[in-house]
Amino acid sequence: MENRIAIYGAYGHTGKFILAELFRQGYKNLILSGRDQEKLMLLHREYPDLEIKAADLHDPKTLDDAFSGAKIIINCAGPYLDTAKPIIEAALRSGSHYIDLSAEQKAVLDVFEQFAEPAKNNKILIIPAAAFYGGLADLLSTALTQDWNEIDEINVYIGLDSWHPTKGTRLTGDRNHYKRLTFKDNRLQELEAGISKEWDFKNAIGIKEVVALPLSEIITISRHLNVNTINTFLSQNSLNDLRNNDTPEPKPVDSKNRSSQQFCVEVIAVKGNIRRTISAQGQDIYAVTAPLITESINRILSGSIKKNGVTTMGEVFDASDFLKSLNDDDIKITAIEESTLN
C-alpha cells in the first residue's frame, strides 16, 4: 500500500485533470474520494481498477477511512475556507502529507496559523495553494530571485484571453467575502482601491487592461521571500467574464480535455536598479494545475524537498529545477531577462 495517493474531490473539474495526469504518469494506487457517492460511482466507470471512498467533511471517521494508508492527500474540493481544516486534521491523524489548490487568501493564512506547529511536530508536509493561482507565481518569483537575499518589489501580472469559470470557482467566490490583502512595507495590508493600467502580455494575450487583484500568491510568496512589496494584477476582461453570471463553463477542445483559454503569467522583480522578468504561458488555468500537482507529488515521493511543516511550492522545492521539468505543452517558461533601471 506504499505511496497511495488520495484525491478528495476527484470528480470535480480540476480533480479530473489531476487524476488523469497522475494516471498517465503511472500512478495506479489512487483513492478517489469526495462527498458525493453517485459522482464517485460515475468516475469509477472510467477508472474501474481504482478504489472509491465517499467521505463527509463533518464525519471524521469517514475521512479517516478514506485516507487510511495514504502517503499524500490532494484536496481538490473548494471552498477551502470550509474544506482545508477537516482534511488537514485527518492528514495529521493519518500521518499523510497534504496539498491543495486554494486561491483564497484567508484559507491559506488560516492553514499557516493553525497548522504550522502540528505539521512540524508530525513531520508532514502541508502545501496550500499549489495551483495556477498561488503556486505558479510563487515558483516563478522564487526562481527569479534565488540569488537575492532581499527584494524591493515583486509584481505579478496575470493575463487571460477569457475566463469561463467552473461551478467550484463560482461557489468559492460566493463564499469568500473577506477583504483582499496586499503586501506593502514588509507586511500584509488591506488592498486599497487602485486605478487600472495597460499591460502588454504579448503572445496570445496581447495588450490588456489590468487591475490590482491579489490572490493566494501574496500569502505564499511573502511567507518565505524577503520582499518589501508584492502586487498582483489581473486582466480586466477575465474579471468581467467571471462576474457575468451568463458566462458558460469551460468546454474541452483537445485530447487533454483543455478549454481553448490562453494564459500568461509575467513576474517582475526589482532590487535596487536591477530589474528581472520571467513569464509562463499555456492553455487552460484549471488543466495546468495538474502538471504542477503531479510534479509536486513526484518530488515529495522522491524526497526532493527542503523541509517539513506548512510551506509553499517555492520554498519546499528547487523552484528553477521544478520549472525546467515542466513540459512546454503544459507550461512554457521564458528565460530570465535582466536589465538596469535608469
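One-based numbering along the sequence shown.
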Novice: Using a cut-off of 6.0 Å, state whether more than 12 heavy atoms not belonging to Lys332 lie near its atom NZ.
Specialist: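 Count not over threshold, so no.
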Novice: Within a 6.0 Å radius of atom CD on Glu150, are there more than 12 heavy atoms belonging to other residues, nucleotides or ligands?
Specialist: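 At most 12 heavy atoms, drawn from other residues, nucleotides or ligands, come within 6.0 Å of this atom.
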Novice: Hey, what do you get for CD1 (Ile205) to SG (Cys264), rounding to the nearest 0.5 Å?
Specialist: 6.5 Å
Novice: Are Leu57 and Asp82 close enough, and set up right, to give a side-chain contact (heavy atoms from CB on, under 4.5 Å), and what steps lead you there?
Specialist: CA-CA 9 Å; Leu57 292 167; Asp82 301 321; 5.7 Å; no
Novice: Can you tell me how far apart CG (Leu225) and CD1 (Ile151) are? Round to the nearest 0.5 Å.
Specialist: 4.5 Å
Novice: With a 4.5 Å cut-off on side-chain heavy-atom distances among I, L, V, M, F, W and Y, is there a chain of contacts connecting Phe201 to Val267?
Specialist: no
Novice: Return yes if some donor-acceptor pair links the side-chain N/O of Glu209 with the main-chain N/O of Ser235 below 3.5 Å, else return no.
Specialist: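 No; zero donor-acceptor contacts below 3.5 Å.
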Novice: Can you tell me if Thr247 uses its side chain to pair, donor with acceptor, with the backbone of Asp241 under 3.5 Å?
Specialist: yes
Novice: Salt bridge check, Lys61 against Asp65: does any charged N sit closer than 4.0 Å to a carboxylate O?
Specialist: no
Novice: Pick out which of Phe263, Tyr286, Trp163 makes a ring pair (Phe, Tyr, Trp, His ring centres under 6.0 Å) with Tyr133.
Specialist: Trp163
Novice: With no hydrogens and no angle check, do the side chains of Thr169 and Thr172 hold a donor and an acceptor under 3.5 Å apart?
Specialist: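 No - no donor-acceptor pair under 3.5 Å links their side chains.
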Novice: Determine the sole option in Asn298, Ile293, Asn29, Thr294 for which the side chain to side chain contact (heavy atoms under 4.5 Å, CB included) test with Leu22 is passed.
Specialist: Thr294
Novice: Please give me the minimum heavy-atom distance between Val265 and Leu140, naming the atom from each residue.
Specialist: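 Scanning both residues, the minimum pair turns out to be CG1-CD1, 3.9 Å.
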Novice: Is it possible for you to say whether Ile297 and Leu30 belong to one hydrophobic cluster, with membership spreading through side-chain heavy-atom contacts below 4.5 Å?
Specialist: yes
Novice: Determine, stepwise, if the pair Val210 / Lys197 fulfils side-chain contact (heavy atoms from CB on, under 4.5 Å).
Specialist: CA-CA 6 Å; Val210 297; Lys197 60 180 180 178; 3.8 Å; yes
Novice: Show which residues join Leu81 in its hydrophobic cluster (side-chain heavy-atom contacts under 4.5 Å, direct or indirect), or state none.
Specialist: Tyr178
Novice: Under 3.5 Å, side chain of Gln261 to main-chain N/O of Ser162, donor-acceptor pair present?
Specialist: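 A pair under 3.5 Å: yes.
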Novice: How about Trp148 and Ile274: do any of their side-chain heavy atoms sit closer than 4.5 Å?
Specialist: yes
Novice: Taking atom NZ as the centre, does Lys271 end up with more than 12 heavy-atom neighbours from other residues, nucleotides or ligands that are less than 6.0 angstrom away?
Specialist: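 Enclosed: over 12 neighbouring heavy atoms sit under 6.0 Å from NZ of Lys271.
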Novice: Would you mind reporting whether Met313 and Leu292 have side-chain heavy atoms less than 4.5 Å apart?
Specialist: yes
Novice: Is it the case that the side chain of Thr232 and the backbone of Leu215 share a donor-acceptor pair, with hydrogens and angles ignored and the cut-off at 3.5 Å?
Specialist: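 No; zero donor-acceptor contacts below 3.5 Å.
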Novice: Parallel, tilted or perpendicular for Phe23 and Tyr47, by the 30°/60° rule?
Specialist: perpendicular
Novice: Transitively linked via ILVMFWY side-chain contacts under 4.5 Å: Ile268 with Leu144?
Specialist: no
Novice: Between Ser304 and Ser302, which heavy-atom pair has the shortest distance, and what is it?
Specialist: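 For Ser304 versus Ser302, the nearest heavy atoms are OG-OG, 3.0 Å.
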Novice: Take atom NZ in Lys306; do more than 12 heavy atoms of anything else shown fall under 6.0 Å from it?
Specialist: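 Check passes, neighbour count above 12.
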Novice: Between Arg258 and Asp329, does any side-chain N to carboxylate O distance fall below 4.0 Å?
Specialist: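 Yes, Arg258 and Asp329 are salt-bridged.
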Novice: Measuring only between side-chain heavy atoms, which start at C-beta, is Leu109 closer than 4.5 Å to Gln105?
Specialist: no
Novice: Backbone N or O of Gly69 within a donor-acceptor pair of the Arg4 side chain at under 3.5 Å?
Specialist: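 It does not hold such a pair.
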Novice: Would you call Tyr11 and Leu40 a side-chain contact if the rule is heavy atoms closer than 4.5 Å?
Specialist: yes
Novice: Is it true that Lys256 and Asp284 make a salt bridge, defined as a side-chain N closer than 4.0 Å to a carboxylate O?
Specialist: no
Novice: Is the number of heavy atoms from other residues, nucleotides or ligands under 6.0 Å of Glu38 CD greater than 12?
Specialist: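 Result for CD/Glu38: open.
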Novice: Quick check for you: to the nearest 0.5 Å, what is the distance between Ile5 atom CD1 and Ile99 atom CD1?
Specialist: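 Taking CD1 in Ile5 and CD1 in Ile99, the distance rounds to 10.0 Å.
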Novice: Kindly determine whether Ile305 and Phe317 satisfy side-chain contact (heavy atoms from CB on, under 4.5 Å), including the steps that lead there.
Specialist: CA-CA 5 Å; Ile305 57 174; Phe317 305 123; 3.7 Å; yes
Novice: Between the main-chain N or O of Leu160 and the side-chain N or O of Asn237, is there a donor-acceptor pair closer than 3.5 Å?
Specialist: yes
Novice: Donor-acceptor pair, Thr83 side chain versus Ala77 backbone, under 3.5 Å?
Specialist: yes
Novice: Would you please test Gln281 and Ser279 for side-chain hydrogen bond (donor to acceptor under 3.5 Å, both in side chains) and show each step?
Specialist: CA-CA 7 Å; Gln281 292 89 36; Ser279 67; 2.9 Å; yes
Novice: Determine, using the 4.5 Å side-chain heavy-atom cutoff (strictly less than), whether Phe183 and Phe233 are members of one ILVMFWY cluster.
Specialist: no
Novice: Between Glu21 and Arg24, does the salt bridge (charged side-chain N to carboxylate O under 4.0 Å, His left out) criterion hold? Intermediate values first, please.
Specialist: CA-CA 5 Å; Glu21 183 61 17; Arg24 189 186 70 77; 2.8 Å; yes
Novice: Check whether more than 12 heavy atoms from other residues, nucleotides or ligands sit under 6.0 Å from atom CD of Glu249, and answer yes or no.
Specialist: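 Yes, enclosed.
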Novice: Using 30° and 60° as the class limits, which term best fits the ring planes of Trp199 and Tyr157: parallel, tilted or perpendicular?
Specialist: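 It falls in the parallel class, under 30°.
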Novice: Using side-chain heavy atoms (C-beta onward) and a distance below 4.5 Å, is Pro86 in contact with Leu63?
Specialist: yes
Novice: Can you name the nearest heavy-atom pair linking Ile278 to Thr334, along with the distance?
Specialist: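 Nearest heavy atoms, Ile278 then Thr334: CG1-O, 3.5 Å.
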Novice: Report the C-alpha separation of Thr277 and Arg275 in whole Å, then their side-chain angles, then the decisive distance to 0.1 Å, and conclude whether the side-chain contact (heavy atoms from CB on, under 4.5 Å) test is met.
Specialist: CA-CA 7 Å; Thr277 305; Arg275 179 184 192 263; 3.7 Å; yes
Novice: Suppose clustering is done on Ile, Leu, Val, Met, Phe, Trp and Tyr with side-chain heavy atoms closer than 4.5 Å. Which residues sit in the same group as Leu191?
Specialist: none
Novice: Will you find, in the side chains of Asn75 and Tyr98, an N or O donor that is under 3.5 Å from an N or O acceptor?
Specialist: yes
Novice: Main chain of Ser102, side chain of Ser216: is a donor-acceptor contact present, judged purely on distance under 3.5 Å?
Specialist: yes
Novice: When you compare the side chain of Arg299 with that of Ser325, does any pair of heavy atoms fall below 4.5 Å?
Specialist: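 Ser325 reaches Arg299 side chain to side chain.
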Novice: Do you know the tightest heavy-atom contact between Arg170 and Pro165?
Specialist: NH2-CG, 3.3 Å
Novice: Given 3.5 Å as the limit, does a donor-acceptor pair link the side chain of Asn226 with the main chain of Asn149, or not?
Specialist: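 Pair found, side chain donor or acceptor close to backbone of Asn149.
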Novice: Only counting residues at least two apart or in another chain, list the ones meeting ring-ring contact (aromatic ring centres under 6.0 Å, His included) with Tyr27.
Specialist: none
Novice: How many angstroms lie between CG in Asn273 and CG in Leu341, if you round to the nearest 0.5 Å?
Specialist: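 Interatomic distance, Asn273 CG to Leu341 CG, rounded to 0.5 Å: 6.5 Å.
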Novice: Working to the nearest 0.5 Å, report the span between CD1 of Ile230 and CD1 of Ile221.
Specialist: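 The CD1 atom of Ile221 is 5.0 Å from CD1 of Ile230, to the nearest 0.5 Å.
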Novice: Is the closest side-chain heavy-atom distance between Phe17 and Asn257 below 4.5 Å?
Specialist: yes
Novice: What are the two closest non-hydrogen atoms of Ser320 and Gln146, and how far apart are they?
Specialist: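 For Ser320 and Gln146, the tightest heavy-atom pair comes out as OG-OE1, 3.0 Å.
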Novice: Give the minimum heavy-atom separation between Ile52 and Gln37, together with the two atoms involved.
Specialist: CD1-NE2, 4.1 Å
Novice: Answer whether the closest heavy-atom distance between the side chains of Glu315 and Lys307 falls below 4.5 Å.
Specialist: yes
